[in-house]
Amino acid sequence: MKDEKYICRRQKDTFDLGEKIGETLQGGEVVLLEGGLGAGKTLLTKGILFALDFDIDEVTSPSFTLVNRYDAKFTVYHLDLWRIEENAGFAVGLDEILEDENAVVIIEWSERLGDYPFPNKVLRVKIEGDGDDERKIRIY
């Protein structure tokens with residue numbers, strides 16, 4: 001799923017795209033999510049976790065906890081960097097999280113990491129628009 005573009009007109013479309021992404025994951029991937037408030041980053045994450053056999057009612061934005069861990073088909077770390085302005089990777093213990101080579105790591109507001117050196121399996125997702133408008137989503 002590299003360098004693909006999607007138009008999601010409904011929230012269900014965004015969830016379904018997340019599910020499609022989740023079905024491709026094999027463990028060890030980092031999914032970097034970019035987009036403004038209300039863009040659908042957590043909704044996309046719910047779709048990913050649905051595909052990984054996790055109860056989506058348990059998936060919440062980690063805006064205040066910073067990191068949520070889910071025991072799904074793989075261990076999934078869901079990070080939200082919205083409240084962190086500097087040294088975001090250090091603030092959430094990203095180096096330690098990435099030591100689990102089989103875990104899937106999903107990071108909302110990933111642009112706050114700057115040039116953080118990720119392992120090879122990185123999937124970048126940029127979301128434009130919000131819940132009221134259609135979303136333009138690019139996976140690269």
Side-chain angles (χ1 to χ4, degrees):
M1 295 191 78
K2 288 283 188 170
D3 211 20
E4 295 183 25
K5 296 179 183 178
Y6 300 88
I7 303 281
C8 295
R9 292 183 172 81
R10 302 171 299 145
Q11 289 189 358
K12 182 174 179 355
D13 298 338
T14 303
F15 180 92
D16 291 347
L17 180 57
E19 185 178 358
K20 183 177 177 182
I21 292 168
E23 290 170 350
T24 69
L25 300 178
Q26 300 175 340
E29 293 90 354
V30 177
V31 181
L32 302 176
L33 304 177
E34 295 179 38
L37 285 172
K41 297 178 294 293
T42 301
L43 182 60
L44 191 82
T45 299
K46 285 185 176 206
I48 292 170
L49 280 152
F50 180 78
L52 298 178
D53 300 324
F54 192 78
D55 180 0
I56 60 167
D57 291 333
E58 300 295 320
V59 178
T60 59
S61 176
S63 294
F64 295 100
T65 58
L66 302 180
V67 179
N68 288 340
R69 178 186 162 143
Y70 305 115
D71 294 317
K73 181 178 179 182
F74 311 105
T75 299
V76 177
Y77 294 94
H78 180 199
L79 290 67
D80 187 323
L81 306 179
W82 179 63
R83 297 178 50 231
I84 302 173
E85 305 250 346
E86 296 180 16
N87 300 316
F90 178 76
V92 295
L94 188 54
D95 289 342
E96 292 81 17
I97 290 170
L98 292 173
E99 287 177 6
D100 185 347
E101 296 177 0
N102 295 316
V104 171
V105 180
I106 302 170
I107 305 174
E108 297 189 28
W109 298 92
S110 64
E111 59 271 24
R112 299 205 173 181
L113 289 169
D115 294 330
Y116 189 91
F118 285 102
N120 293 336
K121 295 179 176 182
V122 174
L123 190 64
R124 297 178 187 275
V125 181
K126 184 170 186 173
I127 306 172
E128 296 176 0
D130 61 31
D132 297 329
D133 301 321
E134 70 181 17
R135 294 177 175 119
K136 296 176 184 170
I137 300 177
R138 178 177 172 219
I139 300 172
Y140 59 104

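More than 12 heavy atoms of other shown residues, nucleotides or ligands fall within 6.0 angstrom of atom CD in E96.
In this structure, Y140 has no ring-ring contact (aromatic ring centres under 6.0 Å, His included) partners at least two apart in sequence or on a different chain. Judged as a ring-ring contact (aromatic ring centres under 6.0 Å, His included), and not counting sequence neighbours, the contacts of Y70 are F54. Partners of D57 by salt bridge (Lys or Arg N to Asp or Glu O under 4.0 Å), not counting sequence neighbours: none found. Residues satisfying the side-chain contact (heavy atoms from CB on, under 4.5 Å) criterion with F15, sequence neighbours excluded, are E19, L43, K46, F50, I56. Under the rule for a side-chain hydrogen bond (donor to acceptor under 3.5 Å, both in side chains), D55 has no partner lying at least two apart in sequence or in another chain. Annotation: side-chain contact (heavy atoms from CB on, under 4.5 Å) contacts of T65 (sequence neighbours excluded): P62, N68. When the side-chain contact (heavy atoms from CB on, under 4.5 Å) test is applied to L66, the partners found at least two apart in sequence or on another chain are R83, I84, V92. Checked against ring-ring contact (aromatic ring centres under 6.0 Å, His included), F74 has no partners two or more places apart in sequence or in another chain. Shown here are the side-chain contact (heavy atoms from CB on, under 4.5 Å) partners of D115, two or more places apart in sequence or in another chain: there are none. By the salt bridge (Lys or Arg N to Asp or Glu O under 4.0 Å) test, D53 is found to be paired with no residue, residues two or more places apart in sequence or in another chain being considered.
Between E111 and L33, the shortest heavy-atom distance links the atoms OE1-O, 3.8 Å. Of all the heavy atoms in L81 and A88, the pair that sits closest is CD1-CB, 4.0 Å. Shown here for E108 and T45, the closest heavy-atom pair between the two residues is OE2-OG1, 4.1 Å. Residues W82 and D80 approach most closely at N-OD1, 2.8 Å, considering heavy atoms.
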**OP:** Apply side-chain contact (heavy atoms from CB on, under 4.5 Å) to L17 and L44, showing your working.
**Re:** CA-CA 7 Å; L17 180 57; L44 191 82; 4.2 Å; yes

Subject >> Worked verdict on I139 versus K5 for side-chain contact (heavy atoms from CB on, under 4.5 Å) >> reply: CA-CA 6 Å; I139 300 172; K5 296 179 183 178; over 6 Å; no

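Hydrophobic clustering of Ile, Leu, Val, Met, Phe, Trp and Tyr side chains at less than 4.5 Å, counting indirect connections, unites I127 with I21. Hydrophobic cluster membership is shared by W109 and V122, with clusters built from Ile, Leu, Val, Met, Phe, Trp and Tyr side chains linked at under 4.5 angstrom. Note: the hydrophobic cluster containing L123 does not contain L32 (ILVMFWY, side chain heavy atoms under 4.5 Å, direct or indirect links). Linking Ile, Leu, Val, Met, Phe, Trp and Tyr whenever their side-chain heavy atoms come within less than 4.5 Å leaves V31 and F118 in two separate clusters. Two different hydrophobic clusters hold V104 and Y77 under the rule that ILVMFWY side chains link at heavy-atom gaps under 4.5 Å.
Taken to the nearest 0.5 Å, the CD1 atom of I107 stands 9.5 Å off from the CZ atom of R124. Here E34 contributes atom CD and R112 contributes atom CZ; the two are 11.5 Å apart, rounded to the nearest 0.5 Å. Distance check, rounded to the nearest 0.5 Å: CG of L49 to OG1 of T42 gives 10.5 Å. To the nearest 0.5 Å, atom CG of residue D71 and atom CG of residue L52 are 12.0 Å apart.
You'll find the side chain of L37 stays beyond 4.5 Å of the side chain of D130, heavy atoms only. Counting only heavy atoms from C-beta outward, the side chains of V76 and I48 never approach each other to under 4.5 Å. Considering only heavy atoms from C-beta on, V30 stays 4.5 Å or farther from Y116 through its side chain. Side-chain contact check for L113 versus L94: some heavy-atom pair is nearer than 4.5 Å.
Remark: the backbone N or O of G27 is paired with a side-chain donor or acceptor of K121 at under 3.5 angstrom. Put simply, the side chain of K73 never gets that close to the backbone of Q26: no donor and acceptor are under 3.5 Å apart. Between the side chain of K41 and the backbone N or O of G35, at least one donor-acceptor pair lies under 3.5 Å.
Applying the ring-ring contact (aromatic ring centres under 6.0 Å, His included) test to residues at least two apart or on different chains, none of the pairs has a partner in residues 17-40.
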Extract all donor-acceptor atom pairs below 3.5 Å that involve side chains of residues 6-14 and protein atoms in other chains or at least two apart in sequence.
residue: Y6; atom: OH; partner: E4; partner atom: OE1; Å: 2.2
residue: Y6; atom: OH; partner: K20; partner atom: NZ; Å: 3.3
residue: R10; atom: NH2; partner: D13; partner atom: OD1; Å: 2.9
residue: K12; atom: NZ; partner: D16; partner atom: OD1; Å: 3.1
residue: K12; atom: NZ; partner: D16; partner atom: OD2; Å: 3.0
residue: D13; atom: OD2; partner: R9; partner atom: N; Å: 3.1
residue: D13; atom: OD2; partner: R10; partner atom: N; Å: 3.1
residue: T14; atom: OG1; partner: R135; partner atom: NH1; Å: 2.9

